[in-house]
Q: 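Below you will find the structure I want to go over with you.
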Amino acid sequence: IKKRFIVTFEQIRKEFIDLFEQLFSGGKADLQLADPDLPLESGIEILAQPPGKRLQNLSLLSGGERAMTAIALLFAILRVKPSPFCILDEIDATLDETNVQRFTELLKIFSKELQFIVITHRRGTMEVADVLYGVTMEEKGITKLISLELKKQAS
Amino acid sequence: IKKRFIVTFEQIRKEFIDLFEQLFSGGKADLQLADPDLPLESGIEILAQPPGKRLQNLSLLSGGERAMTAIALLFAILRVKPSPFCILDEIDATLDETNVQRFTELLKIFSKELQFIVITHRRGTMEVADVLYGVTMEEKGITKLISLELKKQAS
Amino acid sequence: MHLKRLEIHGFKSFADRIDLIFKPGITAIVGPNGSGKSNIADSLRWVMGESNLRNIRGTKYDDVIFSGSDDRKPLGMADVTLVLDNTDQTLPLDYAEVAVTRRVYRSGESEFLINRAPVRLKDIQELFFDTGLGKEAYSVISQGKIDAILSVRPEDRRSIFEEAA
Amino acid sequence: MHLKRLEIHGFKSFADRIDLIFKPGITAIVGPNGSGKSNIADSLRWVMGESNLRNIRGTKYDDVIFSGSDDRKPLGMADVTLVLDNTDQTLPLDYAEVAVTRRVYRSGESEFLINRAPVRLKDIQELFFDTGLGKEAYSVISQGKIDAILSVRPEDRRSIFEEAA
Ligand SMILES: Nc1ncnc2c1ncn2[C@@H]1O[C@H](COP(=O)(O)OP(=O)(O)OP(=O)(O)O)[C@@H](O)[C@H]1O
Ligand SMILES: Nc1ncnc2c1ncn2[C@@H]1O[C@H](COP(=O)(O)OP(=O)(O)OP(=O)(O)O)[C@@H](O)[C@H]1O
Ligand SMILES: [Mg+2]
Ligand SMILES: [Mg+2]
């Protein structure tokens with residue numbers, strides 16, 4: 001049991017370090033056991049250092065930086081323990097345009113292996129969708145679904 | 001003490017009902033004392049019913065509807081107990097374009113009486129600003145401020 | 001294994017039945033505030049056996065049944081069916097296609113079906129749990145919850161990692 | 001009463017001093033993720049006497065002092081000055097203009113000034129409290145916190161109303 005946990009932890013840690021660097025175009029991050037001598041009971045600490053900045057408590061990161069760090073961790077877990085599909089409800093809400101682009105690049109890569117259903121308001125995220133559904137309430141209180149054509153440019 | 005609380009409560013309640021209807025272009029809302037016989041100890045319930053929908057628990061409202069309801073309550077309090085200035089950090093993040101417009105109309109009206117400093121990513125909110133500051137980090141980790149010219153059309 | 005189709009009728013704001021067809025890759029859902037996008041995510045959680053109403057923003061079991069509008073009466077039942085492609089046999093069932101249905105009536109009665117055979121809620125939960133879509137799994141990130149991955153206490157975070165192990 | 005000017009130096013990401021001029025009406029602050037917008041809101045809270053570090057996302061008192069970057073060393077002090085127009089005498093002081101300064105050093109020492117006269121933190125807090133900018137006041141809504149107005153328990157919400165009364 002202990003061995004399997006440590007193996008999984010190390011795998012997620014490795015992916016998290018790599019994905020953070022991708023999403024931030026640099027910087028460094030880590031996952032650490034709060035108490036390495038008691039791996040089966042220890043809490044797990046998240047360390048995140050955006051490029052050019054000093055390592056500080058996670059709480060001091062900006063809203064968008066926290067979202068990107070969380071996305072790196074989420075995708076690290078998905079890579080190690082793949083789920084067949086993943087539903088994301090507006091996780092790009094606090095990202096600026098540049099970060100939406102970096103997020104969608106990652107989303108495209110991962111979408112080869114797993115199916116994503118993303119609820120979004122962001123144009124950048126809509127642009128990488130293979131299928132686009134519009135949800136409306138012309139009749140108040142009643143949801144109606146429309147299939148939207150994607151004007152996909154040759155990629 | 002009891003009298004003053006009830007007077008203030010009623011004033012905020014009246015403004016909240018009115019502002020909710022403005023922000024939602026209809027619908028109805030209310031503030032109620034959980035226990036009207038014990039006004040000095042009772043909790044305060046928020047009721048919100050967007051246009052065309054039935055009254056349900058606040059938890060069932062959408063992210064954007066909750067933000068609009070919270071904005072109505074915040075502005076109701078500001079109207080009854082005016083603060084000389086108000087700092088808003090990305091409170092328009094979850095609003096769609098239509099709701100950003102409704103929010104900014106309210107912001108413009110209130111800005112005649114109090115000073116607003118709003119942090120935003122939304123174009124609609126930037127467009128009603130009298131002064132616009134850009135914040136950048138060309139040198140990583142160091143914030144730099146730029147004063148941005150507003151291309152204000154004749155209003 | 002991937003999602004093929006989601007049929008929603010009577011669940012929350014879906015007074016009229018809607019059918020979503022899913023393909024592999026990325027499906028995006030867009031629309032105005034309050035139009036029903038997160039309700040689609042809720043219906044997916046619910047049909048996969050979600051037992052904690054708070055995870056789908058409800059407080060009473062009938063919060064998920066269409067409660068009426070200005071022009072429509074409330075409905076008496078919520079019905080969600082999820083159809084999955086199981087050709088790679090990820091789900092431990094001998095079918096290439098698996099249809100999971102969950103219904104609840106105003107009376108409080110519930111029905112659960114896997115390929116039209118009546119089962120218990122527990123059977124639906126176990127079906128998905130075995131594919132790594134269990135309690136703490138990261139298969140559904142709700143609105144406003146992405147930041148929570150970071151604010152989880154180090155001890156709670158551990159249980160998420162343990163689940164992945 | 002309105003804000004005239006905010007001078008920030010050494011506070012969080014403001015290694016180089018910045019000066020914001022405020023006019024009546026609406027001032028919008030825009031920029032990329034992590035560039036320092038919310039840090040400006042934090043500096044305003046802090047100079048107005050915020051004593052709960054968690055309300056400005058800190059855990060230790062020196063979290064608010066510039067901690068260095070790839071190319072710069074940490075600084076030894078954070079200094080924020082807020083200048084207010086007081087011609088309507090909203091603040092109970094006999095000045096048309098009021099300048100409030102708060103400083104903290106790495107050593108842990110703090111300085112507080114009102115129009116250059118040394119005061120205690122308490123004096124700054126009371127100055128703003130009397131104008132309705134007290135603890136629960138709605139003069140600063142932090143990022144991600146607008147929804148919290150609704151999730152506050154009915155009993156806690158009451159204390160906000162009592163404060164307004
Ligand atoms: N049982 C129900 N009956 C009828 N309507 C319901 C029921 N439960 C929820 N709703 C309605 O569904 C709406 C919320 O929908 P949802 O959360 O899916 O919106 P959304 O598209 O995600 O919006 P946003 O962009 O603001 O997040 C609310 O207006 C709510 O009143
Ligand atoms: N003491 C400090 N020294 C140096 N940098 C700091 C300090 N405290 C916070 N920061 C940095 O400030 C940045 C956060 O800035 P802020 O929260 O103002 O961003 P923002 O512009 O609001 O971004 P967003 O749009 O994502 O909300 C973080 O990258 C953090 O590392
Ligand atoms: Mg939603
Ligand atoms: Mg911010």
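So you know, we letter chains A, B, ... as the sequences are listed, proteins then strands, and number each from 1.
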Q: When rounded to the nearest 0.5 angstrom, what is the spacing between CG in Leu82(C) and CZ in Phe85(A)?
A: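 Separation between the atoms: 6.5 Å.
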Q: Rounded to the nearest 0.5 Å, what's the gap from CG on Leu88(A) to CD1 on Ile146(C)? Could you check?
A: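 Output value for this atom pair is 7.0 Å.
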Q: Between Arg72(C) and chain A, which part of the residue has a heavy atom less than 4.5 Å away: side chain, backbone, both or neither?
A: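 For Arg72(C), the side chain is the part near chain A, not the backbone.
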Q: Please classify the contact between Phe22(C) and chain A as side chain, backbone, both or neither, with a heavy-atom cut-off of under 4.5 Å.
A: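 Looking at Phe22(C), backbone and side chain both touch chain A.
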Q: Please give me the minimum heavy-atom distance between Ser69(C) and Ile142(A), naming the atom from each residue.
A: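 Closest pair (atom of Ser69(C), atom of Ile142(A), distance): OG-CD1, 4.0 Å.
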Q: Check step by step if side-chain contact (heavy atoms from CB on, under 4.5 Å) holds for Leu148(A) and Val30(C).
A: CA-CA 10 Å; Leu148(A) 299 170; Val30(C) 302; 3.9 Å; yes
Q: Quick one: what part of Leu44(C) sits under 4.5 Å from any heavy atom of chain A, side chain, backbone, both or neither?
A: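 The side chain, not the backbone.
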Q: Determine which residues belonging to residues 108-120 of chain A lie within contact range of chain C, meaning some heavy atom pair is under 4.5 Å apart, and list them by number or answer 'none'.
A: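 Those residues of residues 108-120 of chain A which have a heavy atom under 4.5 Å from chain C are Lys108(A), Ser111(A), Leu114(A), Gln115(A), Phe116(A), Ile117(A), Val118(A), Ile119(A), Thr120(A).
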Q: Pick one of side chain, backbone, both or neither for Leu3(C), based on which atoms fall under 4.5 Å of a heavy atom in chain A.
A: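 Looking at Leu3(C), backbone and side chain both touch chain A.
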Q: Shorter than 4.5 Å, heavy atoms on both sides: which option in Ala93(A), Ser147(A), Ala48(A), Gly141(A) has the most such pairs with chain C?
A: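 The residue among Ala93(A), Ser147(A), Ala48(A), Gly141(A) with the greatest pair count is Gly141(A).
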Q: Between Pro24(C) and chain A, with a heavy-atom cut-off of 4.5 Å, which part of the residue counts as in contact: side chain, backbone, both or neither?
A: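 Interface part for Pro24(C): backbone (N, CA, C, O).
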Q: Taking all atoms of both residues into account, what is the closest heavy-atom pair of Met137(A) and Ser13(C), and its distance?
A: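 Here Met137(A) and Ser13(C) meet closest at CE-CB, 3.6 Å.
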Q: Closest approach of Val135(A) and Pro32(C), non-hydrogen atoms and distance?
A: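 Closest approach of Val135(A) to Pro32(C), heavy atoms only: O-CD, 3.3 Å.
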Q: If I measure from the heavy atoms of chain A, does Ile40(C) come under 4.5 Å with its side chain, its backbone, both, or neither?
A: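 Ile40(C) touches chain A through side-chain heavy atoms alone.
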Q: Determine which residues belonging to residues 13-29 of chain A lie within contact range of chain C, meaning some heavy atom pair is under 4.5 Å apart, and list them by number or answer 'none'.
A: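 Residues of residues 13-29 of chain A touching chain C at under 4.5 Å: none.
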Q: With only heavy atoms counted, which part of Asp88(C) is less than 4.5 Å from chain A, the side chain, the backbone, both or neither?
A: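 Neither the backbone nor the side chain of Asp88(C) comes within 4.5 Å of chain A.
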Q: Between CZ of Phe14(C) and CG of Leu145(A), what distance do you get to the nearest 0.5 Å?
A: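 Here the interatomic distance stands at 8.0 Å.
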Q: To the nearest 0.5 angstrom, please state how far the CG atom of Leu74(A) sits from the OG atom of Ser139(C).
A: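 Reported to 0.5 Å precision, the distance equals 10.0 Å.
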Q: Please walk me through it: do Asp147(C) and Arg66(A) pass salt bridge (Lys or Arg N to Asp or Glu O under 4.0 Å)?
A: CA-CA 7 Å; Asp147(C) 196 276; Arg66(A) 285 174 64 88; 2.7 Å; yes
Q: Do other residues, nucleotides or ligands put more than 12 heavy atoms under 6.0 Å from Tyr61(C) OH?
A: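 More than 12 within 6.0 Å, yes.
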Q: To the nearest 0.5 Å, what is the distance between CD1 on Ile29(C) and NE2 on His121(A)?
A: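 So the CD1 of Ile29(C) and the NE2 of His121(A) are separated by 12.0 Å.
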Q: Looking only at non-hydrogen atoms, find the nearest pair between Val128(A) and Ile26(C) and report the distance.
A: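 Of all heavy-atom pairs spanning Val128(A) and Ile26(C), the closest is O-CD1, 3.6 Å.
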Q: Taking all non-hydrogen atoms of both residues, which atom of Ile46(A) and which atom of Ile149(C) are closest, and how far apart?
A: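 The answer is CD1-O, 4.4 Å.
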Q: What's the verdict on side chain to side chain donor-acceptor pair (under 3.5 Å) for Ser38(C) and Asp89(A), showing C-alpha distance, side-chain angles and the deciding distance?
A: CA-CA 7 Å; Ser38(C) 298; Asp89(A) 195 341; 2.6 Å; yes
Q: Which atoms of Gln11(A) are under 4.5 Å from chain C, going by heavy atoms: the side chain, the backbone, both sets, or neither?
A: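 Gln11(A) has no heavy atom closer than 4.5 Å to chain C.
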Q: With only heavy atoms counted, which part of Leu84(C) is less than 4.5 Å from chain A, the side chain, the backbone, both or neither?
A: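 Contact with chain A is through the side chain of Leu84(C) alone.
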Q: When rounded to the nearest 0.5 angstrom, what distance separates SG in Cys86(A) from CD1 in Ile141(C)?
A: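 These two atoms lie 6.0 Å from each other.
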